[in-house]
Amino acid sequence: MTKFYLTTTLPYINSEPHIGFALEIVRADVLARSHRLSGDEVFFNTGTDEHGLKIWRKAESLGLSVQEYCDRMAESFKELKGLLDLSFDNFIRTTDAKHQAAVQEFWRRCVASGDIYKKHYSVKYCVGCEMEKTDSELENDRCPLHPGQDLELIDEENYFFRLSKYQDKLLALYSERPDFVLPENRLKEVKNFVASGLHDFSISRLASKLPWGIPVPGDEEQVMYVWFDALVNYISALGWPEQEVNFSKWWPGVQIAGKDNLRPQALMWQAMLLSAGLPNSQQIFINGFITAGGQKMSKSLSNVVSPKELVEKYGGDAVRYFLLAEINDREDGDYTEDRFIDSYQANLANGLGNLFSRLGNLAWKYGLEPVNKGDNGELSTKVEQLVKDWHFNQALNEIWSIYRQLDAKLTEQQPWKLEPDQAKACLIPLINEFVAATSALRPFLPTTAEKILNFFSQNFVGKPEPLFPRVDNIN
RNA sequence: CGCGGGAUAGAGCAGUUGGCAGCUCGCCAGGCCCAUAACCUGGAGGUCGUUGGUUCGAAUCCAACUCCCGCAACCA
């Protein structure tokens, strides 16, 4: 039995779940389910990233205590499990005591490797924005949003991580393992970036300015910067450092992340692991973004799509289907409600749903015997392999091409015109084929696949219920 | 010469090693009537962003160019 550890990134809880995170966790879920079905032992981790100034301020603006705010948001993210039918085994919060202790131990290990040092750090601060500004954010050395105000210079002492030390080791890692980051152009991207030279980065803030963070061991005046804190979750979730056995059983694992997370995951985190003397991740898959009508989703454009609203309207499997079948596996994908509806109507209502009704009705009318779970070895092997290579679009295409063939065969063979015995003889192979194809569908649309398999594996006591109502009946 | 992605039928996209341009939706015409007014068959519709090169042959390889979109370090 093979062991398989898979984790999403931890979404930052400054806002409600985003459709982009739904994409990430649904893909992870398909991979986890697929591994379980092939008999692997799976540990699937997700959770929430809860520290940092933005969270602190957000809670303040809502008049909540920061802990209360975090608790509410963590609940909101946990709701995705039921809504999207997710099968994660662990939900970690970076405010968990166990995680905080692990991060502090991780910090000590990096200190022991000589990779953490203190230095003065001067930063430009815009009073108008109440934000630190980097040079790249400035125009003519002024904040573009508040050009009338002079920037303040703040001189602060922070801890830095010696990222520059790991340039060669990271480059070696990338060349030794060509599938370390997928898709390969993302590996190329991070490789180029590392080759262009790395600078050390600040990993702490003054506690007086940032009260919501994990204390730096041995320095009460400083708290850790959120990235350093959050990345460690991938191993603290496994019980590191106390549960040594469990940790080495699962780590290294596979990570999935959005393309904005390429550097933190494939670069910073890997350098941190090297510093702490731990093995690098096994593989990192980078998702593209979902645009809304071709535009980047952002709060200022108020075009952010909520996965929860979509699920409430169309159902969890419908949302899973759209994300898995219509969003490109390797590049950005686009969402519009029209696109969603078109796909839903064609593939789920008129496609799979209607085919199920056709076959289900005929099975009931002709009083067929229950069908044992059929097997299409060729199809399931192919689909399994496609999933492991993160080709979700193509995997679903393979299954749907069987469904289309079955629709055509039914129309061609017209069992409803035959004598009962002949009709049965005609239907049985078709239903077997349908059940076998649907068996391969289980990791993608677990609820729907289960309904179909259950229907055909029992005595037929009536007409089947529609799986996906037509859109005109939803609104 | 900052990094990377994209440009293929009205729309959305596939095209793995170069070998007669495909899929889904939409549209038109037939068929079927088991089924969620669903399903099936056929058809119309493309100088594969531009220009040049390699080749018997290029959407595919090479070069230059045009347009669009992300990112450009402490930003989930």
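Letters A, B, ... mirror the listed sequences (proteins, then strands); counts begin at 1.
- Contact check, Lys365(A) against A35(B): a side-chain N or O comes under 4.0 Å of OP1 or OP2.
- G18(B) and C61(B) have their C1' atoms separated by 7 Å, given to the nearest Å.
- Put simply, CG on Leu262(A) is 15 Å from P on A73(B), counting in whole angstrom units.
- Among C74(B), U24(B), A38(B), the nucleotide with an atom closest to any side-chain atom of Asn354(A) is A38(B).
- Look at C3(B): its Watson-Crick or wobble partner, with both distances under 3.5 angstrom, is G70(B).
- A side-chain donor-acceptor contact under 3.5 Å links Gln222(A) to the backbone of Glu157(A).
- Straight-line distance between the P atoms of G12(B) and A73(B): roughly 32 Å, to the nearest whole Å.
- Across all strands shown, G26(B) remains unpaired; no Watson-Crick or G-U wobble contact has both distances below 3.5 Å.
- Protein atom CZ of Arg186(A) is 9 Å distant from nucleotide atom C1' of C71(B), rounded to whole Å.
- Taking atom P on both nucleotides, U66(B) is separated from A76(B) by 35 Å, rounded to a whole Å.
- Between Tyr234(A) and Trp269(A), the ring center distance clears the sub-6.0 Å criterion.
- Phe201(A) has its ring centre no less than 6.0 Å from the ring centre of Tyr225(A).
- C3(B) atom P lies 15 Å from atom CG of Asn185(A), rounded to whole Å.
- At whole-Å resolution of the value, CD in Glu331(A) and P in C69(B) are 17 Å apart.
- Stacking is found between Trp416(A) and the pyrimidine-like six-membered ring of the C34(B) base under the 5.5 Å centre-distance and 30° plane-angle cut-offs.
- When the P atom is compared between U54(B) and U60(B), the two are found 15 Å apart, to the nearest whole Å.
- Rounded to whole Å, the C1' atom of G10(B) lies 35 Å from the corresponding atom of C3(B).
- Taking the six-membered ring for Trp and the full ring otherwise, the centers of Trp364(A) and Phe455(A) sit at least 6.0 Å from each other.
- The distance between atom CD1 of Ile341(A) and atom C1' of G12(B), rounded to the nearest whole Å, is 15 Å.
- Counting non-hydrogen atoms under 4.0 angstrom, Asn361(A) reaches the backbone sugars and phosphates but no base.
- Distance Trp400(A) CH2 to A14(B) P: 19 Å, rounded to the nearest Å.
- Here the separation of G22(B) from C48(B), taken at their C1' atoms, is 12 Å to the nearest Å.
- The phosphate of C39(B) (OP1 or OP2) has no side-chain N or O of Lys409(A) nearer than 4.0 angstrom.
- When rounded to the nearest whole Å, the span between CG of Asn158(A) and C1' of C74(B) equals 11 Å.
- One atom, CD1 of Ile286(A), and another, C1' of C71(B), lie 13 Å apart when rounded to the nearest Å.
- Contacts of Thr9(A) with the nucleic acid, taken as non-hydrogen atoms under 4.0 Å apart, are absent.
- Remark: Lys191(A) is not positioned above the aromatic ring of Tyr174(A), lacking an NZ or CZ atom under 6.0 angstrom from the ring centre and at most 45 degrees off the axis.
- Across all strands shown, Phe468(A) has heavy atoms under 4.0 Å from base atoms, whether or not it also approaches the sugar-phosphate.
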